[in-house]
Structures are given as C-alpha cells and as structure tokens.
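Okay, structure first, notes after.
Chain naming here is simple, since letters A, B, ... match the order of the sequence lines and numbering starts at 1 in each. Please read all numbers here as calculations on a predicted model, not as lab measurements.
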Amino acid sequence: MLPLENSMDSARTAVVRTRFAPSPTGYLHIGGARTALFNFLVARRLGGKFILRIEDTDQTRNVAGAESKLMADLRWLGLQWDEGPGIGGPANLYRQSERLESYRAAARKLLDAGAAYYAFDTREELDAMRAAAVAAKRNFRYPRPARLPSDADADAARAAGRPVVIRLRMPDQDFVVRDQILGDVTIRAEELDDFVLVKADGWPTYHFAVVVDDEAMLITHVLRGQEHLMNTPNHLALQQALGYHTPVYAHLPIILNMNGSKMSKREKDKAVRAAAKAALDAGKLDRARMATISGAEPGLLDQWLAGETQLESDRLLRLAHALHVQMPEIEIHDFRASGYLPDVLLNFIALLGWNPGDDREKMTLDEMASLFEIERIGKTNARFDRAKLLNFNTTALAAADLGRKVRGFGDYLDANPDSPFRATDDATRSRLLAMHDGIRTFADVETKSGALFAPDDAYPFDADAVEKNLRKGDGAGLRVLTDLRDRLDVLTDWSTAAIEATIRNYGDAGGLGLGKLAQPLRVAVTGGTISPPIFDTLAFLGKQRAMARIGRAIRHVGA
RNA sequence: CCCCCCAUCGUCUAGAGGCCUAGGACACCGGCUUUUCAAGCCGAGAACAGGGGUUCGAAUCCCCUUGGGGGGACCA
C-alpha cells in the first residue's frame, strides 16, 4: 500500500487530472455542461486528463437511461473524456455503484481509527432534533455520544431493526478552503457537524464517495459549482482523516435565468403545463390525446397538470411540439433540439464566467483550450441570455460551410424524431441548406421549408397571407399568379436561373417589382409568406410539383 | 433565522490606484438596404448599488448598509 501511495504521489505532481462527476438523473444540464467544459479545458490546457465519473450513490434518484443520455450530450458537445465509462482507465471502475468495496474499506479504516462512528437514529428522531434546534434558534449539530458505539452495538441495533449509519467524527477545528476563484474561505468549527458517510442502506453519501474517488483517481483539480462551496470543509476533514491529498479547488459561479432565478428543469414543465391547460380550456386538445402524445399514462398526466409532478424531458418535448410552444432550453439536449451548433453553445457558456482577457469572444474549443486559465474565471453569477446565444449561432451558421451545416442538421434531426426532414437524404439536405441564408438555428429551416415537405394537395393556406397577397386590390396578386403560371408552364429548363429570368422578364415588362411577384408565388406554393428565396423554392419543388401547387392556389382563391 | 459568496451599461464582460470624459459584445432605439423571413450596413442612447473612510489621486484598497445568490439532508 505504501509504495503505491508514493507512486501516486509522483504521478500526482506530474499530471493534471480533472473530472466531471454528474448524477444520472436525466439529460446534461446547462450548468453541468459548463462545469464539464471548464474541467475539460483545464485538462487540455495543462496537458492533463479529463475523467468522467458517474455518481450514482442515491438509488432512489437514479434514472434509467440517464447515463447514456448524459454521455451522448457530452459527446455531442465534443467534450470527450480520457477515462471513464465506456473508455476505462487506470482506476478501472468509474461508476460509484461499482466501487462500493473502496468505500467500505475506507469506512472500516475510519471506524478503526475512531475517526468515524455508528449512529442509529431514525429519520423521525433526527427531524425532531432539528425542529428543536430551530425552535431554540440554534444551529443543528448532531449530538455525538460520549461513548462511541462498537461494532457489536451496531449489530445489535441492526438486529433490533434500527437504521445504522456511519458518521464522521468532525474535528473541532476551523477549515480554510483555499479556493482558486474565491480566495481563502474560512468556515468555523461550530458551523460543521458529524455528517453521514455511509447511509442506512449501506451506500456511501456523496461527500464520502467523492473524497475516496478523487483520491483513487488522482484528481488534482476540482472545478465545481459554487453550491458545493460549503461542502468543502466536509471533504477537507475527510481527506485529513484518511491521510489523502487535497486537490486544488475552484468553485464556479452559478448560471441563472434572465430573471435571476436558477435555471431549472421545472421551467420547462411550467411553460408546457401552462400551454397544455390553455389548450384544454380552449378545447383544442383533450386529456386522452395529450396522454397519447406525451406517452404518459392518464393518471400521471393528471398529476402533472395539477403541478404535483414533473414530466420527463422527451415527453415534454413531444407535448410542446404538439402544442406549438417554445420550451425554454435548459438541458443540452434542448439546445440541440432547438437547432444550435454544439461548438457555439460551448463557446457561449464558456463566456459565462470566463473570458480570455481581450475583446475576443468567438472561439473554437481548441482556441479556448489554449487560452484557458483558472485565474481568469470570474466570481459573479451570470444570467443566461438566449438572445446573445442566438446571435452567436446565427453568425456561426452564416460562416459555416455546407458540410458543417449538413452535419449539424443531422444532429438536430436526431433530436427531433417528428421532423418532416427526417426522411431526407444527404443530397436533399445539402440542397435545402444551401438555399437557406440567414437562418438563426436549424429550426428556422423547418419554419421556412416545412411546407415543401407537406403533400402538394394538403399544405394549409394562411388566410391572412392569401388575403393580402392574392385577393387584395381586386385580385391583383391572383392575376400576376395566373400570368406567371402561363409563362412558367412552358418553361422546359426548370433551373433556378431560367425560372428567375422568366419571372424577372415578366416583371420588367409589366413594370412590377419583384415584391409584387414573389409574394403571390410564395403564398401559392407554400401557403404562407415565409420561405427560402422564391426562385430557389420553385426550383427545389421541381416543375411538376410547383405547377401543381400554383394551380391549387388559383383554385383555392377562386373558390 | 444562522453561515458563506458576490456586486461595472438591460445582459455577458474588460478594468488588478493615475492610461477611464469607463472599452467590447449581445439586446434595445433610429436610419439605410431588401423578393418574404432572416441577414447585412450606418448611427445613437445606456453602467462603476448607496454611504463612510485610506490616498495627492479610487470602478479599482478598507468598513458599514442595501441588494442578489449559495448552503444549512441518510440529494448530489
């Protein structure tokens, strides 16, 4: 054991090792993504390793499938870990559920050294003690018994059906967290108490597992959210009791919503629930239909509508889609589903709390890795401004070559199982994306071109658009449309250039600007006023489909 | 209620005592451009939370107030 410790020691000074350690409760949260990014960046910058570890010690909170979703989100972002699930590495096991032996051994060591002790309180007893402390306006601290229970006492308690946990005997000393961002933070001894290391179910608590694992995995730098700052003394105490090293700590400021509240999954619920209730009240959708769409059983759906529970991400997304509501993006998967580029998202969240020190903002992951310094991480909480993110994405999309756009669009479609574009091949997607200038996200492709993928005899006409562009002014638009139909009908070369020439010639002859020609055509072939450039749109449809649509529109207006 | 952290334009931030009549980006507002949406171009407005110190000099250092955030679990 000792030689191993020594070799770990030299390894420790030589190699920087950071980790991202999420709990498998769902998709990757935006805050978690930034934590992962910063850890990734530190490792890259300092030539170290980035480790992924799954913290699944709470069996009641683990969600099936969450781990793979987490990993998929991380991979989509390009934050590939060097060691961890699916990759392996020297620590061999990277899920805490697989490392119970290590915790057991560490607990034994602490117990034998008298640094930890058994406790047998029930939940109710603890609650009562806390309530009493609150009533007396005292800080609750667990009342350590004068004589620490023995193993035999623990066996007896277990036999008597009492819960048995192990608590750390917290030393009576102040702790100083030497934080790289916040500076030295002192927490006084009286603020700390004998916290639980091993739960009644035999599993370690987060505090315990983290410390054991960080030591086993030779973690040198811990970058985590500021919500962990007050946990750190617990970890320091444990490291001290176990003779472990203390990593470098850096507690990151928190990412908030524009209104200053915490970015939480609940917001998605709130937004969709409000829309669902409105739809219910308006009689647009009934409960049974909603249950079918969401995939949630009617009972669960009712609970959700009553605000008693939250709905799972995928179900929410399906409902949101059906209800035509924009769900606030909270998890990485949401941003993907909304059509953002992963590197743009990464770039943007990096700027929430970090900047390279000059005026540059647009950076690739590699650039960030070469510029990143913990010293340049700020202390203040940041609000997540979607408008700025949208601008970043727009700019990046405008600069992106077709290949990047096609790849990005593919990723977007993977997250949108109901998209009409799912069935398209790469050639079609290339063609489609090539004619979309100025899109802000891939979702814009859908709003602009979605109608092109509806059946030629079934895409809906927007009444206002028809009125304004085809009927108004005694049917001026309709006359233009009819004239154009006759001219386009005889075109043999259905290229964008030929279509454009035909339409422009007609306009020149009649003294009509393009605006007077494009809009009637646009409404005719798409049903609305929004589409890619009209010549491209007509060419994309092909002559037969375009003419069929124009004919349908003329009949529609005439009727 | 207790403990801890934070505080520059609406938002993200630059600023580490004189370079600041406070810089950039997004948003907003005005104008131009335009085949729709979007994009683009030009221009304008917009901040050192308040109060005390320290100093020749403070956005920068100290204290108080206020405000915001985090924590106070057999959750992480």
Side-chain angles (χ1 to χ4, degrees), chain A residues 21-23 25 55-58 60-61 119 121-123 126-127 130 133-134 137-140 163-167 177 179 181-183 185-188 190-193 195-207 209-210 224-233 251 253-254 256 258 260-262 348 351-362 378-392 394-395 397-398 436-440 444 447-448 465 469 500 503-504 507 513-519 521-523 526 528-535 537:
Chain A
S23 292
T25 56
E55 309 223 319
D56 53 356
T57 56
D58 185 347
T60 63
R61 285 215 327 167
D121 314 86
T122 63
R123 171 82 63 183
L126 284 169
D127 288 347
R130 282 209 181 81
V134 170
K137 294 193 173 176
R138 273 195 348 260
N139 233 9
F140 173 76
V164 175
V165 304
I166 298 174
R167 288 178 181 268
V177 181
D179 191 274
I181 296 169
L182 269 11
V185 178
T186 304
I187 286 97
R188 287 195 310 277
E190 53 266 37
E191 301 298 330
L192 275 8
D193 84 336
F195 64 97
V196 173
L197 301 177
V198 179
K199 307 185 242 185
D201 63 4
W203 287 63
T205 58
Y206 157 76
H207 303 296
V210 154
R224 45 155 57 149
Q226 229 173 71
E227 66 268 21
H228 286 297
L229 180 62
M230 300 307 277
N231 293 153
T232 311
H251 289 94
I254 292 175
L256 305 167
M258 278 306 273
S261 65
K262 209 171 172 184
F348 182 74
L351 260 17
L352 262 25
W354 173 82
N355 71 79
D358 52 28
D359 284 340
R360 67 197 288 197
E361 291 197 309
K362 306 291 173 64
K379 302 176 178 184
T380 51
N381 292 166
R383 297 184 187 216
F384 193 92
D385 185 358
R386 287 190 179 71
K388 184 160 180 172
L389 170 64
L390 188 61
N391 171 273
F392 270 39
T394 306
T395 311
L397 239 19
H436 280 78
D437 274 337
I439 52 170
R440 294 116 90 225
D444 278 350
T447 61
K448 280 187 168 190
N469 297 289
E500 175 166 359
I503 294 172
R504 284 194 188 274
L514 257 187
K516 297 284 182 205
L517 315 179
Q519 282 309 75
L521 276 170
R522 203 182 313 274
V523 173
T526 70
T529 57
I530 300 173
S531 87
I534 191 61
F535 311 128
T537 303

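Straight-line distance from the CG atom of D121(A) to the P atom of rA73(B): 14 Å, rounded to whole Å. Atom-to-atom, CD1 of I187(A) to P of rC3(B) comes out at 13 Å; the value is rounded to the nearest Å. Rounded to whole angstrom, the span from the NE2 atom of H228(A) across to the P atom of rG72(B) amounts to 10 Å. For the pair R504(A) CZ and rU35(B) C1', the interatomic distance rounds to 8 Å; values are reported in whole Å. What separates CG of L256(A) from C1' of rG69(B) is a distance of 7 Å, to the nearest Å. Separating the CD atom of E191(A) from the P atom of rC3(B) is a distance of 6 Å, rounded to the nearest angstrom. F535(A) has its CZ atom 11 Å from the P atom of rU36(B), to the nearest Å. Spacing between atom CE of M258(A) and atom P of rC12(B) amounts to 7 Å, rounded to whole angstrom units.
Going from the C1' atom of rC62(B) to that of rU55(B) covers 12 Å, rounded to whole Å. Between the C1' atoms of rA27(B) and rA46(B), the separation comes to 11 Å (whole Å). Distance noted for atom C1' between rG30(B) and rC4(B): 47 Å (whole Å).
Side-chain proximity of P163(A) to rC74(B), rU36(B), rC4(B): nearest is rC74(B). Of the candidates rU36(B), rG10(B), rA76(B), rG10(B) carries the atom nearest the D385(A) side chain, counting heavy atoms from C-beta on. When distances run from any side-chain atom of R130(A) to the nucleotides rU36(B), rA73(B), rA76(B), the shortest one goes to rA73(B). Of the listed nucleotides (rC12(B), rA27(B), rC74(B)), rA27(B) has the atom at the smallest distance from the side chain of N391(A). Taking only side-chain atoms of K199(A), from C-beta outward, the nucleotide of rC5(B), rG23(B), rA76(B) with the closest atom is rA76(B). The side chain of A200(A) sits closest to rC74(B) out of rC37(B), rU35(B), rC74(B).
Contact annotation for K262(A): backbone-only contact, meaning every heavy-atom pair under 4.0 Å involves sugar-phosphate atoms and none involves a base. Residue P532(A) is classed as a base contact, given a heavy-atom separation below 4.0 Å to a base. Within the 4.0 angstrom heavy-atom criterion, only backbone atoms of the sugar-phosphate kind lie near Q226(A); the bases stay farther away. Heavy atoms of T394(A) sit under 4.0 angstrom from primed sugar atoms or phosphate atoms, though from no base atom. Counting non-hydrogen atoms under 4.0 angstrom, R522(A) reaches a base of the nucleic acid. When heavy atoms are screened at a 4.0 angstrom cut-off, F195(A) is found touching no nucleic acid atom at all. Looking at heavy-atom distances under 4.0 Å, V185(A) makes contact with sugar-phosphate atoms alone, never a base. R360(A) comes within 4.0 angstrom of no nucleic acid atom, judged by non-hydrogen atoms across all strands.
To the nearest 0.5 Å, atom CZ of residue R383(A) and atom NZ of residue K388(A) are 15.5 Å apart.
Interface remark: the K379(A) side chain does not form any donor-acceptor pair with the rC5(B) base, using a distance-only criterion of under 3.5 Å. You won't find any donor-acceptor pair under 3.5 Å spanning the side chain of K388(A) and the base of rA27(B), going by distance alone. Side-chain atoms of N231(A) come within donor-acceptor range of the base of rA76(B), with a qualifying N/O pair under 3.5 Å.
OP1 or OP2 of rA14(B) sits under 4.0 Å from a side-chain N or O of N355(A).
Around the NZ atom of K516(A), the shell of radius 6.0 Å holds no more than 12 heavy atoms that belong to other residues, nucleotides or ligands.
Side-chain contact check for T57(A) versus T205(A): every heavy-atom pair is 4.5 Å or farther apart.
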